[in-house]
Amino acid sequence: MKRFAIVFVMLACVAAGGLFPAGAAADGEIKLVGVISAIDIAGQDAASATVTLKDNKTDAAVTVVVTDDLTLDKFKDHRIVVGDEIRLKYESKDGKNLSRYFRKTAGC
Amino acid sequence: MKRKWSATLASTLLALLVALPGASLAAEPAPEAKKSTFDWLTIGGDYRFRADSLNGKMPTFFNFFDPSYQAFLGGGPAPSPTAGADVKNETLYTNRFGLNLKAKASQNVSASARLVMFKTFGSQDDSAVSGLRSASGTIQPFFADRVGVFDGTTGHIPADGKVFVDYAYVTINNIFDQPIWFSVGRRPSTGGIPSHLRQNNEKPGNAGIPALLVDYAFDGATLGYAPDIEALPGAYAKLCYGRAFENGFTLDSGNGLRDTDMIGVSLVPYDTDRLYMNLQWNRGMNIFNSPVIKSNTVFGNTQPSVDLGDIDWFGLTLLSTMKKVGPGTLNIFGSGALDKTHPNGKTVILSNGFDTGAGLMFTGRSESTTGWAAHIGGRYDITATRTKIGAEYNHGSKNWISFVPAGDDIWTSKLGARGNVYEIYLIQELNEKAVSSHIAKTFLRVGYQYYDFTHTGSNNWVGAPVKMSELVNAANAQMLVPVEKATDFYATVEVKF
């Protein structure tokens with residue numbers, strides 16, 4: 001019975017996820033989940049990349065600048081590629097969208 | 001026979017030499033990464049040819065199935081031991097082919113599957129790896145995880161030419177619009193971190209498991225959460241559940257057996273190239289004495305006949321990738337684990353009514369045991385030549401028991417060994433431009449494993465381990481043929497697409 005309860009709780013979480021709306025993003029920060037349509041890195045030693053994603057909810061194209069080394073490394077060795085779904089947080093500054101969090105959506 | 005193996009090894013080394021000149025050129029960049037032919041469907045897979053040359057040393061021991069020992073049990077004279085001897089299989093060839101599919105069904109729902117065939121050359125069963133074959137064809141197994149293919153090892157132990165479902169599961173992502181996911185089905189719970197290094201596979205993602213604790217094809221489910229914590233990049237946590245034996249319908253009063261299940265909690269506080277850390281707790285419940293096996297060994301077909309109790313496991317795994325260390329990249333890892341048994345006092349009773357006295361890691365008096373294991377190693381990747389050189393060592397204590405029967409080793413899953421295992425290997429990737437996908441590659445691998453067992457019963461939770469030097473005592477008769485030392489020279493040709 002305990003084991004059934006574990007599976008039941010898991011399924012209940014999934015069902016609840018479909019019923020309740022998402023929380024709001026923090027001030028000044030924009031969150032979205034979208035699929036990468038283009039990655040532009042200047043070269044193997046580039047310190048930034050320009051990435052375009054298609055927002056899952058609105059279908060709008062969003063272009064962000066990524067500068068963190070962890071993510072740039074993943075672009076360079078193709079661990080993040082066009083077609084991957086990304087959970088993104090960014091803020092607009094001086095006319096540019098600067099990535100603050102750029103990660104493949106969790107899951108397996 | 002030695003000439004046959006030498007010829008195979010020479011062919012592989014020749015292929016390595018042929019590959020090296022091309023590989024010595026600067027590595028070409030991979031083509032602009034293409035996700036798949038269709039936006040919603042990703043197709044991939046792999047093929048592997050593997051040749052093994054296996055040698056082992058069987059110590060002098062008392063064999064439970066020996067007629068003189070059976071007579072002794074019936075009140076006869078003292079039995080005579082089976083003399084120690086060397087055992088071998090100079091050449092074992094296997095084929096493995098896998099086809100991977102991932103379909104994105106809707107925005108947050110995907111389905112993944114892997115179909116696999118793992119066949120021994122010249123055979124349509126698993127007998128080539130299950131044990132010592134007599135002239136009459138009777139096979140006496142060496143290790144519990146190789147007695148025969150069962151649910152948790154299907155597709156991971158060389159057997160016949162049938163195609164099996166290695167994994168098939170569905171994942172629902174972005175629950176509550178948060179980084180929460182739920183996944184259910186036959187799990188990708190094999191080949192975990194850091195075993196991907198010696199397999200030359202990509203590092204498993206959120207679905208990964210620690211190789212020292214779990215290498216078993218489970219049917220189950222996972223609920224995961226990957227919070228955005230600036231100080232803990234890549235952090236995530238998972239609650240996992242798996243079923244290892246389904247008892248089916250019984251009378252309301254039961255049949256003496258229960259379903260065997262495992263639950264686990266996985267905490268990954270850090271997941272970056274520089275540092276990956278995994279903290280794991282698992283509990284196996286109602287551990288059966290034997291899985292369902294259709295086998296032609298001395299045990300015949302087996303199935304669970306008694307629940308023996310529960311086992312807790314605790315593990316820590318660390319992995320680091322350091323780029324630009326000399327002319328290449330250095331990957332190092334270390335894993336440690338503990339197991340603690342909770343026997344229920346029940347023992348295995350044979351079909352003729354004979355009580356073996358063997359329960360969960362004990363023989364005779366029921367007692368809880370604690371075991372431990374460690375696994376360390378590394379791999380150095382030379383960027384320019386696409387050469388990868390690795391070395392690993394693992395040790396399991398007297399009472400170490402893990403849940404790793406699907407380990408990709410011929411003798412027995414090395415991470416479940418009681419004793420010491422050393423392994424070195426060399427991987428040479430061909431300088432071929434990838435076409436099918438960004439992870440496409442062709443490589444040759446040669447390696448050597450040396451097992452130095454200190455106690456019997458590696459990968460077996462039934463009965464107490466016995467020190468190798470104490471096998472000359474008739475009171476320590478064995479149902480499985482003990483192996484004291486074992487080696488495996490292996491060579492592979494592998495394509496991933």
Side-chain angles (χ1 to χ4, degrees), chain A residues 2-26 29 31-39 43-44 54 56-57 59 68-71 73-85 87-89 100-108, chain B residues 29-36 39 42 104 107-108 110 112 169 171-184 187-188 202-208 220-228 230 233-234 236 238-241 243 259 261 263 272-274 285 321 323 434 437-439:
Chain A
K2 268 186 279 182
R3 283 161 280 157
F4 182 75
I6 292 168
V7 176
F8 182 79
V9 168
M10 287 178 171
L11 291 172
C13 289
V14 178
L19 292 174
F20 296 103
E29 200 172 57
K31 290 204 282 192
L32 69 85
V33 174
V35 176
I36 298 175
S37 56
I39 301 173
Q44 284 298 302
K54 186 177 169 188
N56 278 356
K57 283 192 172 164
D59 281 347
D68 75 279
D69 290 339
L70 289 175
T71 308
D73 272 352
K74 290 178 181 174
F75 293 151
K76 289 169 190 169
D77 57 21
H78 304 284
R79 279 176 289 162
I80 296 180
V81 296
V82 170
D84 282 340
E85 187 182 71
R87 180 173 295 280
L88 171 71
K89 285 184 193 173
R100 294 286 176 241
Y101 180 84
F102 194 103
R103 204 160 120 185
K104 277 189 184 181
T105 48
C108 47
Chain B
E32 185 50 48
K34 186 170 63 171
K35 182 79 176 167
S36 66
D39 287 344
T42 304
K104 184 147 185 170
Q107 207 163 67
N108 292 313
S110 62
S112 303
Y169 60 91
T171 301
I172 304 171
N173 282 322
N174 303 320
I175 298 169
F176 296 111
D177 271 356
Q178 295 296 314
I180 299 172
W181 71 94
F182 173 73
S183 186
V184 64
R187 312 296 305 155
E202 303 300 306
K203 182 178 152 219
N206 298 137
T222 287
L223 183 65
Y225 176 51
D228 173 20
E230 201 164 331
Y236 62 90
K238 294 191 298 185
L239 171 65
C240 305
Y241 166 78
R243 171 148 293 177
D259 300 329
D261 289 319
I263 56 168
T272 66
D273 288 346
R274 293 296 297 237
M285 296 169 287
T321 299
K323 293 188 173 177
S437 76
H438 54 278
I439 60 162

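Values reported hereafter were calculated over all heavy atoms of this structure, with side chains retained and with hydrogens, waters and symmetry mates removed. Per chain, numbering begins at 1; letters A, B, ... match sequence-line order.
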**Report entry** Verdict with supporting geometry, B:Lys238 and B:Trp181, side chain to side chain contact (heavy atoms under 4.5 Å, CB included)
**Finding:** CA-CA 9 Å; B:Lys238 294 191 298 185; B:Trp181 71 94; 3.9 Å; yes
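At a 4.5 Å heavy-atom cutoff, the contact between A:Arg79 and chain B is made by side-chain atoms alone. With a threshold of 4.5 angstrom between heavy atoms, B:Lys203 does not approach chain A through any atom at all.
Among the candidates A:Arg100, A:Arg87, A:Lys74, the residue making the largest number of heavy-atom pairs closer than 4.5 Å to chain B is A:Arg87.
Taking the six-membered ring where the residue is Trp, A:Phe102 and A:Phe75 present perpendicular rings, their angle passing 60° and hence far from 30°.
A donor-acceptor contact shorter than 3.5 Å links the side chain of A:Asp84 to the backbone of A:Val81.
Taking a cutoff of 4.0 Å between a charged side-chain nitrogen and a carboxylate oxygen, B:Lys323 and A:Asp69 do not qualify as a salt bridge.
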